[in-house]
Amino acid sequence: MEKEKPDIRSMTLEELTEELGRLKEPSFRAGQIFQWLHEKMAPDFESMTNLSRDLRRKLEENYQLITLKQADVRISAIDGTRKYLYELPDGNIIESVWMQYKHGNSVCISSQVGCRMGCRFCASTLDGLERGLTASEMLEQIYRIQTDTKERVSNIVVMGTGEPLDNYENLIRFLHLISSEKGLHISLRNITVSTCGLVPQIYRLAKENLPITLALSLHAPNDEKRRELMPIARKYPLEEVLEACDAYFTETGRRISFEYSLVKGVNDNTNEAEELSRLLKGKNCHVNLIPVNPIKEREYRRSSHEEIEAFKNTLEKNGINATVRREMGSDIQGACGQLRRSHLAENRIS
Ligand code: SF4
C-alpha cells in the first residue's frame, strides 16, 4: 500500500522549514508556503503563484494539501446563520456553523467525526466516534467559511461535533496554527474550547500557556443527575471536575464558562438552580444557559421561556453570572449534528 503523504497544512513553520531543507530549497520558501497555506488559505499548490513551477511540482509529489469540499450550506432566513456541511478527503461529512454577532463573526467548528462521549441529549454521538480531525481539517472549516462569506472570522468556538480534548494533540496544533501571526492570527482570547469534563486533559491544557476560554459542559447540579445525562460523569465525579477547573483558573487566570443545557422536567426546576448556585458559589465563572434543541431520536424537550427565566433569576439572585444563549439559525436544523444526520440519511436512501 502506498504510504500516505505528510499533511502539509498541519505543519508548524518550524516543521515546514525543516521539510524545505530536506527538499534542498532555501528556508525563506517555508515562510512563503506557510503564508499561502494559512493567510491566503490556498486550496491547492497550483495557486501558489510566487513559487516556481518546479517547486510546486515537488510539493505536489511530496505532500498532501487537505482542503474541504462544501457538500451543502443552509442559510437562516431569520438571522443569516449559515450551517455548512463539508466533505473530508476520506468522504466523511462534518458540520460547521457561521454566526454573525455585533462583536464580530463567530465560527463553531467540529473536532471529530462523531463522538464517543454518549451525552444523552446530543445527536452527534448517536453513531459513536469515527475518528479525530487533523489540525488541517479543523483549520479548513474556518478557511473555507471565510473564503465563502468573504468576511473575517474573529471568534471560534470548538463546540461542534466531538470532544476536543479527546483529540488533544491535533487540537493544540490547531490552536497554535490559527493564532499564528503568519496565518489568520485569530487571538487565542477569542477562542473557546468546550469539554464534557476530561479531567487529566484539563490539567494538561492548563499547562499549555494558551489564553483560550475553557467551557465546561455541566448540565446538572449533582452527580446523580449528571451521570444520567452524561456517561463521562461516571468516570469523573463533579468534585474532581470542579477541582480541575479551579486549577485551570489558578494556572491561567481565565474565567471558566459553565455550559448548562436546560431540559424540560429533567434539570430545570428552581431547586436545581439553587443547588447549582451552591455548587458554583465563590467561583470566578459564568454560566451559559442553553435551551436544549430537541432531537427526534430522544425524548428530551425544551424548557419554557418562563422556566428558563426563573432558572436564570435564581442563579443571579445567588450572585452567579448567567446568560441565556441566544438561539441562532433555528430554522436550519438548529441542534448540533442534526443537519449532518439528515444529510447522511438522505444520501443513504438515494
Ligand atoms: S455533547 Fe459534545 S461531548 Fe457530548 S456527545 Fe455531544 S459532541 Fe460528544
Side-chain angles (χ1 to χ4, degrees), residues 83-86 88 92-97 107-133 137-138 141 156-168 170-171 174 191-202 204-205 212-220 223 225-238 240-241 244-245 256-263 266-267 287-302 325 327-328 333-344:
K83 280 211 155 194
Y84 290 90
L85 286 183
Y86 287 113
L88 304 176
N92 272 305
I93 298 281
I94 54 165
E95 193 176 302
S96 326
V97 187
V107 170
C108 175
I109 64 163
S110 295
S111 58
Q112 297 185 306
V113 181
C115 182
R116 59 177 172 161
M117 296 298 142
C119 302
R120 297 286 303 159
F121 45 80
C122 173
S124 298
T125 195
L126 293 169
D127 297 323
L129 173 68
E130 178 72 29
R131 67 174 177 87
L133 298 188
E137 289 166 336
M138 289 187 244
Q141 296 172 60
I156 299 168
V157 287
V158 190
M159 276 193 189
T161 298
E163 161 55 56
L165 300 188
D166 191 32
N167 187 17
Y168 191 87
N170 287 327
L171 173 79
F174 158 77
I191 302 179
T192 299
V193 172
S194 97
T195 177
C196 63
L198 302 185
V199 168
Q201 285 91 326
I202 295 176
R204 202 172 154 199
L205 187 64
I212 53 167
T213 298
L214 184 67
L216 182 94
S217 300
L218 203 52
H219 306 319
D223 274 319
K225 185 122 292 169
R226 198 159 183 267
R227 282 194 292 263
E228 246 176 61
L229 295 171
M230 306 169 72
I232 192 69
R234 290 180 212 142
K235 190 160 180 192
Y236 302 114
L238 269 177
E240 281 180 30
V241 177
C245 289
I256 304 276
S257 169
F258 290 105
E259 310 287 303
Y260 194 102
S261 290
L262 286 164
V263 188
V266 173
N267 63 358
V287 176
N288 246 324
L289 297 171
I290 311 158
V292 79
N293 268 308
I295 54 173
K296 67 174 186 303
E297 293 83 352
R298 300 265 197 263
E299 278 168 4
Y300 294 132
R301 283 181 303 135
R302 166 187 296 238
R325 185 177 300 162
E327 199 182 3
M328 304 290 279
Q333 311 236 24
C336 130
Q338 273 192 350
L339 181 57
R340 174 175 173 265
R341 280 189 73 74
S342 63
H343 175 91
L344 293 179

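We're numbering straight along the sequence, starting at 1. Nothing here was measured: the structure is a model prediction, and the numbers come from that model. Indexing begins at 1, ligand by ligand and atom by atom, following the structure's order.
Which parts of ligand 1 touch Met117 is read off a 4.0 Å heavy-atom cut-off, strictly below it: atoms 3 (S), 8 (Fe). Contact atoms of ligand 1 toward Thr125: 5 (S) (distance under 4.0 Å to a heavy atom of the residue).
At least one N/O/S atom of Cys122, from backbone or side chain, sits under 2.8 Å from atom 6 (Fe) of ligand 1. Taking backbone and side chain together, Cys115 holds no N, O or S atom under 2.8 Å from atom 4 (Fe) of ligand 1.
The residue from Cys119, Gly128, Ser111, Gly162 that puts a heavy atom closest to atom 7 (S) of ligand 1 is Gly162.
Salt-bridge annotation for Arg116 and Glu163: absent, with no side-chain N of the basic residue lying under 4.0 Å from a carboxylate O of the acidic one. Salt bridge present: Lys83 and Glu95 bring a charged side-chain N and a carboxylate O closer than 4.0 Å.
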Working note: Glu137 + Arg131, criterion salt bridge (Lys or Arg N to Asp or Glu O under 4.0 Å); need CA distance, chi angles, decisive distance, verdict.
CA-CA 12 Å; Glu137 289 166 336; Arg131 67 174 177 87; 2.9 Å; yes
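Each salt bridge (Lys or Arg N to Asp or Glu O under 4.0 Å) pair with one or both residues in residues 192-202, not counting sequence neighbours, would appear here, but there are none.
Gln112 contributes no side-chain N or O that, together with a main-chain N or O of Glu130, makes up a donor-acceptor pair within less than 3.5 Å.
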